[in-house]
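Below is one structure, written out as structure tokens; the observations come after it.
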Amino acid sequence: MNIKIRKAIVEDVSFLAKMILQSSRAGKKYGIFDLVFEAGDDEGILKSLELLTQTKAKNHCHYSNFLIAEVDGRSVGTLCSYEPRFSNRQTFVDALKEVDDSIDPEKKLEFLNECNFEQNNRTLMFDFMEEIDDFKDVGILKALMQKSLLSARLKGYRIAQTIIEIGSLESMLFYKKLGFKEVDEKECELYKEKFGRLGLILLATEF
């Protein structure tokens, strides 16, 4: 199978929105973007996510942070990598306001005050590593990660981190196969109340 990895472009925002929503739910019925946008249906949330990937505030969901995996011209997977010094909580808040100025981002994201990790500006963050159902376990995610780590090394990074939910056994197994190790874990009552999961785990790898 020939897997092509390329940088995302603005024409990819519809696919990116689907992958972001899929990733944020992580097997749950309700994720952070269900909470933030309260659209009532997937179509409304996806429209808001398409806008979020194109905001002037270069938040971590911005399309320019993504790699796309393609097989025979079909988009089959994504991986986001972003630099916390540029894409952080404030840029996320600003971007959400751009999408819908009726949103109170600080209130929506209050759980992050309790369940948050210190982000080191010398590390690269990974997020939204997803593949479509038809291409599970055929090397899509590994190819995306290898390409992203190569790009990170060229930028001078030597440490990459990602955050997963406590109990996400499949994600944990995959990241550990790639050399990631647990760095920190936070159980958060508010996170459990909103999403039904105990909290979050910070993973890191040196490369």
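Residue numbers start at 1 and run along the sequence shown.
- Each ring pair (Phe, Tyr, Trp, His ring centres under 6.0 Å) pair with one or both residues in residues 182-203, not counting sequence neighbours, appears once here: F111-Y191, F111-F195, Y191-F195.
- Cation-pi geometry between K186 and F117 is met: under 6.0 angstrom from the ring centre, within 45 degrees of the axis.
- Although no hydrogens or angles enter the test, the distance criterion places no donor-acceptor pair under 3.5 Å between the side chain of N116 and the main chain of N113.
- Looking only at distances, no side-chain donor or acceptor of D42 sits under 3.5 Å from a matching main-chain atom of I45.
- Minimum heavy-atom separation, K108 to V36: CE-O, 3.6 Å.
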### Message
Is there a salt bridge (charged side-chain N to carboxylate O under 4.0 Å, His left out) between K176 and E182? Walk through the geometry before answering.
### Response
CA-CA 9 Å; K176 284 192 171 183; E182 295 179 48; 3.4 Å; yes
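- In this structure, the side-chain contact (heavy atoms from CB on, under 4.5 Å) partners of E43, at least two apart in sequence or on a different chain, are D41, K47.
- A distance-only check finds a donor-acceptor pair linking the side chain of E98 to the backbone of A57 [under 3.5 Å].
- Checked by atom type and distance alone, the side chain of T53 pairs as donor or acceptor with a backbone atom of E50 at under 3.5 Å.
- With values rounded to the nearest 0.5 angstrom, I164 atom CD1 is found 10.0 Å from L202 atom CG.
- Between the side chains of R89 and N59, no donor-acceptor pair of N or O atoms lies under 3.5 Å.
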### Message
Determine whether Y82 and H62 satisfy the following criterion, ring-ring contact (aromatic ring centres under 6.0 Å, His included), listing intermediate values before the conclusion.
### Response
CA-CA 9 Å; Y82 64 93; H62 197 274; over 10 Å; no
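- The structure places CG of L200 at 9.5 Å from CD of E185, a figure rounded to the nearest 0.5 Å.
- Between A160 and F180, the closest heavy-atom pair is O-CE2, 3.8 Å.
- Grouping the Ile, Leu, Val, Met, Phe, Trp and Tyr side chains by contacts below 4.5 angstrom, directly or via other members, places L169 apart from L198.
- Using the six-membered ring where Trp is involved, F92 and F33 have ring planes that are perpendicular, over 60° apart on the 30 and 60° scheme.
- Cysteines C61 and C80 are not disulfide-linked, with SG atoms at least 2.5 angstrom from each other.
- A distance of 13.5 Å separates OH of Y63 from CG of L52, quoted to the nearest 0.5 Å.
- Here the side chain of S24 pairs a donor or acceptor atom with the backbone of L21 at under 3.5 angstrom.
- Between D12 and R6 there is a salt bridge, since at least one side-chain N of the basic residue sits less than 4.0 Å from a carboxylate O of the acidic one.
- The cluster map of Ile, Leu, Val, Met, Phe, Trp and Tyr, joined by side-chain heavy atoms under 4.5 Å apart, puts L190 and L35 in the same cluster.
- Within 6.0 Å of the CG atom in D101, the count of heavy atoms belonging to other residues, nucleotides or ligands does not exceed 12.
- Side chain of S75 to main chain of E70: no donor-acceptor pair is present (N/O by atom type, distance under 3.5 Å, no hydrogens or angles).
- Of the possible donor and acceptor atoms, none in the side chain of S23 sits under 3.5 Å from a partner among the backbone N and O of M19.
- Looking only at distances, no side-chain donor or acceptor of K181 sits under 3.5 Å from a matching main-chain atom of T205.
- The pair E165-K28 counts as a salt bridge, with a side-chain nitrogen and a carboxylate oxygen less than 4.0 angstrom apart.
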Identify all side-chain donor-acceptor contacts of residues 142-153 below 3.5 Å with residues at least two apart in sequence or on another chain.
unit_1	atom_1	unit_2	atom_2	d
S151	OG	K147	O	3.2

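- Each of I163 and I159 belongs to its own hydrophobic cluster when Ile, Leu, Val, Met, Phe, Trp and Tyr are linked at side-chain heavy-atom distances under 4.5 angstrom.
- In this structure, E206 places its CD atom where only 12 or fewer heavy-atom neighbours from other residues, nucleotides or ligands lie under 6.0 Å away.
- For the pair S87 (side chain) and K58 (backbone), a donor-acceptor distance under 3.5 Å is present.
- Closest approach of A204 to V183, counting heavy atoms only: CB-CG2, 3.4 Å.
- A 6.0 Å sphere centred on NZ of K4 holds no more than 12 heavy atoms belonging to other residues, nucleotides or ligands.
- Contact check on K56 versus D94 returns no salt bridge, with no Lys/Arg side-chain nitrogen under 4.0 Å from an Asp/Glu carboxylate oxygen.
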### Message
Test side-chain contact (heavy atoms from CB on, under 4.5 Å) on I68 and L16; report intermediate values, then the result.
### Response
CA-CA 9 Å; I68 300 274; L16 292 177; 3.6 Å; yes
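- Within the 3.5 Å criterion, the main-chain N or O of V13 finds no donor-acceptor partner in the side chain of Q54.
- The minimum heavy-atom distance linking R85 with N88 is given by the pair O-ND2, 4.0 Å.
- Put simply, L67 and I9 are part of two different groups of oily side chains (I, L, V, M, F, W, Y) that touch within less than 4.5 Å, one to the next.
- L173 and L178 fall into different hydrophobic clusters, where Ile, Leu, Val, Met, Phe, Trp and Tyr side chains are chained together by heavy-atom contacts under 4.5 Å.
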